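This is a predicted model, so every value here is computed, not measured.
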Amino acid sequence: MTTTLARPESASRTPAPRVRRRHRQGTACAVLMAPFFVLLVVVFLVPAGTALWLSFFGADEPGLGFGPEHTIFVGLRSYAAVLADPTFLGGLGVVALYCLLYLPLLVVSSLGLALLLDSGVARLRGSARLALFLPHAVPGIIAAIIWLYLYIPGLSPVVDLFGKAGITVDFLGIHTVIPSMVNIALWSNLGYNVVVFYAALQAVPREVIEAAVVDGAGGVRTALRIKTPLIRASIVMVVLFTLIWSLQLFTEPMLLSQATPMITARFSPSMYIYDAAFTRNNYGLAAAASVILLACTIALSYGVTRWTNRTREAAL
């Protein structure tokens, strides 16, 4: 005779509340993440996919150019044309030089000012933060117009002042046009990054700083050896965002090109894309250049992230 042991009723009912709780947590997570994924698809994936699709097509005009224009599949021909174009490669070189000048200046200057504000040496810190942040509130195109006025001889009081001192300065010359654009970007974005670093410094535990002071660390050593490593994540974020923004260099050279022949219509990759799409009406070429620029941005962002992670692991 066999007997069957009945399962306790409490054991059979125990998983049900857990399943319901997990279901509620999953639903809440999906609801909270839905806006992000919607924006990701609409703002990034759809435009990127459209550009990738357009890059494989081109316009063809049969009959020696007198027939009706129609779109044909060209494969990788647009990519080959972009990579073989010296103006596009030159634009990448310009952006590389721009980044080499702009990134270190922005990060070092904004971090130094933030450390100065956090140290308490600077007085009226609230007013100083507001004064530094105000230029960022000016739209980029307005900032470029303001500095264009200050760069043009005959209009600029700065150039006139140098002229009275016997100093000839050409802010839009062949060797100074990129530093002039870097100056505009620094003026516009320095204060914003100071605020980012200052907010990160406010989150540093005060007891850590007090312990460093008790151990005999001075102000400079505390700033460089204690505070700066603790806000490494904010520094990496600023470097990444600044790098991505720099690769899309467009507003400053587009406006300054009206006052100097040193800036051509294909001065930067973004200007190359604009010229291909709206001047030459070659949307396949513009799409291919956009995809190449996107690939460069992703690769550089990934490289910076990997390098910082390895540096952090080595430090630990």
Report the C-alpha separation of Met181 and Phe267 in whole Å, then their side-chain angles, then the decisive distance to 0.1 Å, and conclude whether the side chain to side chain contact (heavy atoms under 4.5 Å, CB included) test is met.
CA-CA 12 Å; Met181 289 188 291; Phe267 183 76; 3.4 Å; yes
Is there a side-chain contact between Ile244 and Ser301 (heavy atoms, below 4.5 Å)?
yes
Are Leu224 and Ile235 linked, directly or through other ILVMFWY residues, by side chains that come within less than 4.5 angstrom of each other?
no
Does the pair Leu201 and Ile231 meet the rule for a side chain to side chain contact (heavy atoms under 4.5 Å, CB included), with working shown?
CA-CA 7 Å; Leu201 289 169; Ile231 62 169; 3.8 Å; yes
Go through the side-chain N and O atoms of Tyr102 and Asn183 and say whether any donor and acceptor fall under 3.5 Å apart.
no
Donor-acceptor contact present, side-chain Ser180 to main-chain Phe171, <3.5 Å:
yes
Can you check side chain to side chain contact (heavy atoms under 4.5 Å, CB included) on Leu243 and Cys99, steps first, answer last?
CA-CA 7 Å; Leu243 178 63; Cys99 291; 4.1 Å; yes
Whether Tyr198 side chain and Leu115 backbone form a donor-acceptor pair below 3.5 Å
no
Does Ser55 use its side chain to pair, donor to acceptor, with the backbone of Leu52 at less than 3.5 Å?
yes
Could you check if a side-chain atom of Leu172 sits within less than 4.5 angstrom of a side-chain atom of Thr176, using non-hydrogen atoms only?
no
What's the spacing between Asp118 CG and Lys227 NZ if we round to 0.5 Å?
4.0 Å
Can any side-chain N or O of Ser156 pair as donor or acceptor with the backbone N or O of Pro153 at less than 3.5 Å?
no
Taking all non-hydrogen atoms of both residues into account, name the closest pair between Ile273 and Ala289 and its distance.
CG1-CB, 3.6 Å
If you look at every heavy atom in Ala288 and Tyr79, which pair is closest and at what distance?
O-CE2, 3.8 Å
Do you know which two heavy atoms are closest between Ala277 and Ala286, and how far apart they sit?
CB-CB, 3.7 Å
Heavy-atom nearest pair, Ser270 first then Leu249, reads CB-O, 3.5 Å
Would you say the side-chain atoms of Thr308 pair up with the backbone N or O of Val236, donor to acceptor, closer than 3.5 Å?
no
State plainly whether one hydrophobic cluster holds both Leu186 and Val138, where clusters connect Ile, Leu, Val, Met, Phe, Trp and Tyr through side-chain heavy atoms under 4.5 angstrom apart.
yes
Under 4.5 Å between any side-chain heavy atoms of Val95 and Pro269, yes or no?
yes
Quick check against the 3.5 Å criterion: does Thr87 have a side-chain atom that pairs as donor or acceptor with the backbone of Arg266?
no
Does Val107 offer a backbone N or O that forms a donor-acceptor pair with the side chain of Ser110 under 3.5 Å?
yes
Is the backbone N or O of Arg225 less than 3.5 Å from a side-chain atom of Thr228, with the two atoms forming a donor-acceptor pair by type?
no
Can you tell if the side chain of Asn193 reaches within under 4.5 Å of the side chain of His136, non-hydrogen atoms only?
no
I want to check something: taking the side chain as every heavy atom from C-beta on, are Thr27 and Arg24 in contact at a cut-off of under 4.5 Å?
no
Within the supplied structure, the quantity of interest is the number of heavy atoms (other residues, nucleotides, ligands) at a distance under 6.0 Å from Phe73 CZ; does it exceed 12?
yes
Is there a chain of hydrophobic side chains (I, L, V, M, F, W, Y, each step under 4.5 Å between heavy atoms) that links Leu155 to Val169?
yes
Is a side-chain donor-acceptor pair under 3.5 Å present for Tyr151 with Asp170?
no
Flag if over 12 foreign heavy atoms under 6.0 Å of CZ, Phe241
no
Sub-3.5 Å donor-acceptor pair from the side chain of Asn309 to the main-chain atoms of Thr305, do we have one?
yes
Decide yes or no on side chain to side chain contact (heavy atoms under 4.5 Å, CB included) for Phe88 and Leu285, but give the supporting numbers first.
CA-CA 11 Å; Phe88 182 80; Leu285 191 70; over 6 Å; no
Is there a path of hydrophobic side-chain contacts, each under 4.5 Å between heavy atoms, that joins Ile142 and Leu150?
yes
Would you say Val94 ends up clustered with Leu97 if hydrophobic residues are merged whenever their side chains have heavy atoms under 4.5 Å apart, either directly or through other cluster members?
yes
Take atom CZ of Arg22 as the centre, draw a 6.0 Å sphere, and report whether it contains more than 12 heavy atoms from other residues, nucleotides or ligands.
no
Determine whether more than 12 heavy atoms belonging to other residues, nucleotides or ligands lie under 6.0 Å from atom OH of Tyr192.
no
May I ask you to check whether over 12 heavy atoms, not counting those of Leu45, lie within 6.0 Å of atom CG?
yes
Residues, nucleotides or ligands: over 12 heavy atoms within 6.0 Å of Trp245 CH2:
yes
With the side chain counted from C-beta on, respond yes when Gln248 and Thr297 share a heavy-atom pair under 4.5 Å apart, and no when they do not.
no
Would you name the heavy atoms of Ala185 and Tyr98 that are closest together and state the gap between them?
CB-OH, 3.2 Å
Within the supplied structure, the quantity of interest is the number of heavy atoms (other residues, nucleotides, ligands) at a distance under 6.0 Å from Tyr274 OH; does it exceed 12?
no
4.5 Å side-chain heavy-atom contact, Ile184 and Thr251:
no
